[in-house]
Protein chains: 2
Amino acid sequence: MARTPRNDALILEVLGRNRRFRSCQEVHIVLVRRSSGQGKPPSLSTVYRALHRLVREGLLDTIRSPDGELLYRLCRTSDRHHHLMCRLCGRVEDVPQAEELSAALDRIGGASGFGGLDYTFELSGVCPRCS
Amino acid sequence: MARTPRNDALILEVLGRNRRFRSCQEVHIVLVRRSSGQGKPPSLSTVYRALHRLVREGLLDTIRSPDGELLYRLCRTSDRHHHLMCRLCGRVEDVPQAEELSAALDRIGGASGFGGLDYTFELSGVCPRCS
DNA sequence: ATGATATTGAAAATGGTTTTCATAACCATA
DNA sequence: TATGGTTATGAAAACCATTTTCAATATCAT
């Protein structure tokens, strides 16, 4: 039975607040702020390690920001990683009509001759609120 | 009229040898090897700068490797960045049936309400030769 | 040639991420 | 509640791709 490191819950709670992708450093800063008064926050290394673990366990989803940072957010079951990210405010929405996209991707996978297919798909633009 | 830095040609020549994506460091190593005997190779910084310039000018295409490195290759006109990369050997092929994918993406773009849409799509798997 | 502008190399700085290592927390069992 | 083995943690250092700095060159128009 897997022991659950005590900080995992904290981190999941932070990521659970909304569905925006956040960098490890952002998560860490939130934890630091949040804990002023009540005990020490986990260190940056611990947050990195926890995020790795959570990704490995399938609880988190990752994408890379345009400048190469790794961003994390809570997975939604059957989430096939179709995201639409606003380049200005960073908000991420689900891609509408994702079924159509999934179908196309599956067909492509089948025709490719490749095995163990996985993909990431990142759509970015400027959201209505920002434009 | 734009002057062409003398190393751009060299670098394009290296990338022109095949359609695999390469990191800046890989390109640099090739240049270093290649130039044993005939004069000094360009420095790493110069290669970085040249690659930037070539991307800016639309001659190169980039993707990020799974571990966050930026990889470059020659653009093909009307290339809409649909790549299928082998996780083992790094070979990159074009995605078959890309038209279908394009169509789906265009519809999604229309339905999203986002402006200035751009996307990257990266499909990875294990190619027939490697499996 | 002359001077204005752009390119280059070498080394240092950046900055996200990972590793190290010593310490502390945890858990099962006796 | 000792005991010992396993895992988590923090702090600092190491990593490593990429950028920046800055002084020295090359390049171009004239």
Side-chain angles (χ1 to χ4, degrees), chain A residues 1-15 20-36 38-57 59-73 85 90 122, chain B residues 1-15 20-36 38-57 59-73 85 90 122:
Chain A
M1 202 76 338
R3 262 89 63 45
T4 306
R6 68 173 178 284
N7 291 304
D8 285 17
L10 274 180
I11 290 169
L12 285 173
E13 203 272 321
V14 169
L15 287 170
R20 188 150 82 258
F21 280 93
R22 298 150 188 276
S23 70
C24 178
Q25 317 239 10
E26 283 167 17
V27 171
H28 182 239
I29 289 191
V30 171
L31 291 173
V32 168
R33 283 220 199 85
R34 165 92 71 84
S35 75
S36 27
Q38 320 116 78
K40 284 173 195 162
S43 72
L44 186 56
S45 342
T46 296
V47 180
Y48 270 108
R49 285 186 279 231
L51 290 174
H52 276 172
R53 186 172 29 234
L54 295 169
V55 168
R56 227 182 298 123
E57 290 169 359
L59 288 175
L60 299 184
D61 215 6
T62 66
I63 59 176
R64 282 213 186 257
S65 78
D67 45 306
E69 260 181 321
L70 206 46
L71 307 179
Y72 305 82
R73 89 168 174 187
M85 178 189 242
E122 283 148 36
Chain B
M1 205 80 331
R3 259 91 63 45
T4 306
R6 68 174 179 284
N7 291 305
D8 285 17
L10 273 180
I11 290 168
L12 285 172
E13 203 273 322
V14 169
L15 288 168
R20 189 150 82 257
F21 279 92
R22 298 151 187 275
S23 70
C24 178
Q25 316 242 9
E26 283 168 15
V27 171
H28 182 239
I29 290 190
V30 172
L31 291 173
V32 168
R33 283 221 199 84
R34 167 92 71 83
S35 74
S36 29
Q38 320 117 76
K40 285 173 194 162
S43 72
L44 187 55
S45 344
T46 296
V47 180
Y48 270 108
R49 284 186 280 231
L51 290 173
H52 275 174
R53 185 171 30 232
L54 295 169
V55 168
R56 226 182 297 124
E57 290 168 359
L59 287 174
L60 299 183
D61 215 5
T62 67
I63 59 176
R64 283 214 185 256
S65 78
D67 45 306
E69 262 181 321
L70 206 46
L71 307 178
Y72 305 81
R73 88 168 176 189
M85 177 189 243
E122 282 148 36

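All heavy atoms count here, side chains included; hydrogens, waters and symmetry mates do not. Keep in mind the model is a prediction, meaning the values are calculated, not measured. Note on naming: letters A, B, ... go to the chains in the order of the sequence lines (proteins, then strands), and numbering restarts at 1 for each one.
Rounding to whole angstrom units, CD of residue A/E57 and C1' of D/dT7 are separated by 14 Å. Put simply, CG on B/L10 is 16 Å from P on C/dT7, counting in whole angstrom units. Atom CZ in A/R22 sits roughly 18 Å away from atom C1' in C/dG16 (whole-Å rounding). Distance CG (A/L31) to C1' (D/dT9): 14 Å, rounded to an integer number of Å. To the nearest angstrom, P of C/dA24 lies 16 Å from CZ of A/R49. Atom CD in A/E26 sits roughly 13 Å away from atom C1' in C/dG16 (whole-Å rounding). Regarding A/F21, its CZ atom lies at a distance of 18 Å from the C1' atom of C/dG16, rounded to whole Å.
With rounding to the nearest 0.5 angstrom, the CG atom of A/L44 is 10.0 Å from the CZ atom of A/R49.
Here the closest heavy-atom approach between residue A/D67 and residue B/R64 is recorded as C-NH2, 3.5 Å.
Contact annotation: the side chain of A/L15 approaches that of A/L51 to within less than 4.5 Å [non-hydrogen atoms, C-beta and beyond]. Within the 4.5 Å cutoff, the side chain of A/I29 has no heavy atoms near those of the A/Q25 side chain.
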* To do: Take B/C24 and B/L70 through the test side-chain contact (heavy atoms from CB on, under 4.5 Å) and record every step on the way to the result.
  => CA-CA 8 Å; B/C24 178; B/L70 206 46; over 6 Å; no

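Regarding contacts with the backbone of C/dT8, a side-chain N or O of B/R53 is found under 4.0 angstrom from either OP1 or OP2. One finds a side-chain N or O of A/N7 lying less than 4.0 angstrom from the OP1 or OP2 phosphate oxygen of D/dT9.
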* Could you encode protein contacts along nucleotides 13-19 of chain D as a string, one character per nucleotide from 5' to 3', using B for base contact, S for sugar-phosphate-only contact and - for no contact, with a heavy-atom cut-off of under 4.0 Å? => ----SBB

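Listed by chain and residue number, B/D8 satisfy the side chain to side chain donor-acceptor pair (under 3.5 Å) test with B/R53 (two or more places apart in sequence, or in another chain).
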